[in-house]
Amino acid sequence: MKVISPRMHGYFDFLTVFIFLLAPTLLGLGQLSAMLAYALAAVHLIVTLASDFPFGVVKLIPFTVHGWIERMVGPLLITTPFILNFSTEEAARNFYIAMGIIIIVVGMLTDYQAEVRDEKIK
């Protein structure tokens, strides 16, 4: 069931950017996990602004591709603390696992085809 519209997904994308920006300070993340959070905030913002959906500015990335990017990022975030060897940093490990799960769930609930269907109707 796809209950999240492209517009609502955009709000979640900006919320995700802010969470990645705030996490290092609020959670006291270590240097590597903090730098990664800042980098992910920047990348997520760029992908959001470059996507073809209501919050996209440049509209270079089809919203369906935006969805595939997130389908890859979610699982990758879950494994990142183990791959980059900061899994003993409890706050960072839990943050990245939680963000990965949230991105997967939001992705599963988002209607990435809505913009395509709307274009066909016009």
Side-chain angles (χ1 to χ4, degrees):
M1 176 165 40
K2 305 292 183 178
V3 296
I4 298 175
S5 69
R7 178 166 297 283
M8 181 59 69
H9 186 96
Y11 290 120
F12 285 132
D13 277 348
F14 286 116
L15 178 61
T16 300
V17 170
F18 286 116
I19 290 170
F20 275 118
L21 287 173
L22 294 174
T25 302
L26 294 178
L27 301 176
L29 299 183
Q31 185 176 1
L32 175 60
S33 55
M35 288 178 13
L36 180 61
Y38 293 133
L40 287 169
V43 169
H44 204 91
L45 181 61
I46 290 167
V47 169
T48 298
L49 295 176
S51 292
D52 188 7
F53 77 126
F55 289 97
V57 175
V58 187
K59 301 189 185 296
L60 295 173
I61 302 170
F63 193 48
T64 52
V65 174
H66 178 113
W68 282 107
I69 292 169
E70 291 180 345
R71 285 179 184 100
M72 291 182 288
V73 167
L76 187 59
L77 286 175
I78 293 170
T79 60
T80 293
F82 306 97
I83 294 170
L84 297 180
N85 294 319
F86 60 84
S87 62
T88 57
E89 186 184 336
E90 186 177 358
R93 180 190 66 229
N94 293 344
F95 170 70
Y96 282 96
I97 290 172
M99 289 304 292
I101 291 169
I102 290 167
I103 288 173
I104 290 169
V105 170
V106 168
M108 290 171 54
L109 296 175
T110 296
D111 186 357
Y112 290 104
Q113 297 294 326
E115 297 291 307
V116 173
R117 281 194 307 275
D118 291 347
E119 286 297 316
K120 287 181 181 178
I121 293 172
K122 291 181 182 178

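It should be emphasised that the depicted structure is a prediction, and the values quoted were computed from it without experimental measurement. Positions are given from 1 along the sequence.
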Minimum heavy-atom separation for Phe53 to Pro6, with atom names? CD1-O, 3.3 Å

Note, Leu76 side chain near Met72 side chain (heavy atom, < 4.5 Å): no

Look at atom CZ of Phe55 and say whether more than 12 heavy atoms of other residues, nucleotides or ligands are closer to it than 6.0 Å. yes

Can you label the angle between the Phe95 ring and the Phe20 ring as parallel, tilted or perpendicular, going by 30° and 60°? perpendicular

Check whether NZ of the Lys or CZ of the Arg Arg93 lies under 6.0 Å from the centre of the six-membered ring of Phe86 and within 45 degrees of that ring's axis. no

Of all pairs that satisfy side-chain hydrogen bond (donor to acceptor under 3.5 Å, both in side chains), the ones with a partner from residues 10-31, not counting sequence neighbours: His9-Asp13, Asp13-His44, Asp13-Thr48, Asp13-His66

Taking all non-hydrogen atoms of both residues, which atom of Leu29 and which atom of Ala91 are closest, and how far apart? CD2-C, 4.1 Å

Look up atom CD1 in Ile61 and atom CD1 in Ile46, then write down how far apart they are to the nearest 0.5 Å. 9.5 Å

With side-chain contact (heavy atoms from CB on, under 4.5 Å) as the criterion, how do Val73 and Trp68 come out once you've worked through the C-alpha distance, each side chain's angles and the decisive distance to 0.1 Å? CA-CA 9 Å; Val73 167; Trp68 282 107; over 6 Å; no

Joint cluster assignment, Phe18 & Met35, ILVMFWY side-chain distance < 4.5 Å: no

For residues Asp52 and Leu60, determine if any side-chain heavy atom of one lies less than 4.5 Å from a side-chain heavy atom of the other. no

Tyr38 and Leu21 have their tightest heavy-atom pair at CE2-O, 3.4 Å

Partner set under ring pair (Phe, Tyr, Trp, His ring centres under 6.0 Å) for Phe12, not counting sequence neighbours: none

State which residues pass side-chain hydrogen bond (donor to acceptor under 3.5 Å, both in side chains) with Ser33; sequence neighbours excluded, sorted by chain then number. Glu89

Sequence neighbours left out, what passes side chain to side chain contact (heavy atoms under 4.5 Å, CB included) with Leu109? Give chain and number order. Val3, Ile4, Val105

Spacing of CD belonging to Gln113 relative to OG1 belonging to Thr64, to within rounding of 0.5 Å: 6.0 Å

side-chain contact (heavy atoms from CB on, under 4.5 Å) between Leu77 and Ile103: does it pass, once the steps are laid out? CA-CA 9 Å; Leu77 286 175; Ile103 288 173; 3.5 Å; yes

Going by side chain to side chain contact (heavy atoms under 4.5 Å, CB included), name the residues that satisfy it together with Leu45, two or more places apart in sequence or in a different chain. Phe14, Val17, Leu49

For a 4.5 angstrom cut-off between non-hydrogen side-chain atoms, does Pro75 reach Ile104? yes

Apart from Leu22 itself, its cluster of hydrophobic side chains linked below 4.5 Å comprises Leu26

Derivation of the side-chain contact (heavy atoms from CB on, under 4.5 Å) call for Val47 and Ile69: CA-CA 9 Å; Val47 169; Ile69 292 169; 4.3 Å; yes

Would you sort out whether Tyr96 and Leu36 count as a side-chain contact (heavy atoms from CB on, under 4.5 Å), showing the intermediate values? CA-CA 10 Å; Tyr96 282 96; Leu36 180 61; 3.5 Å; yes

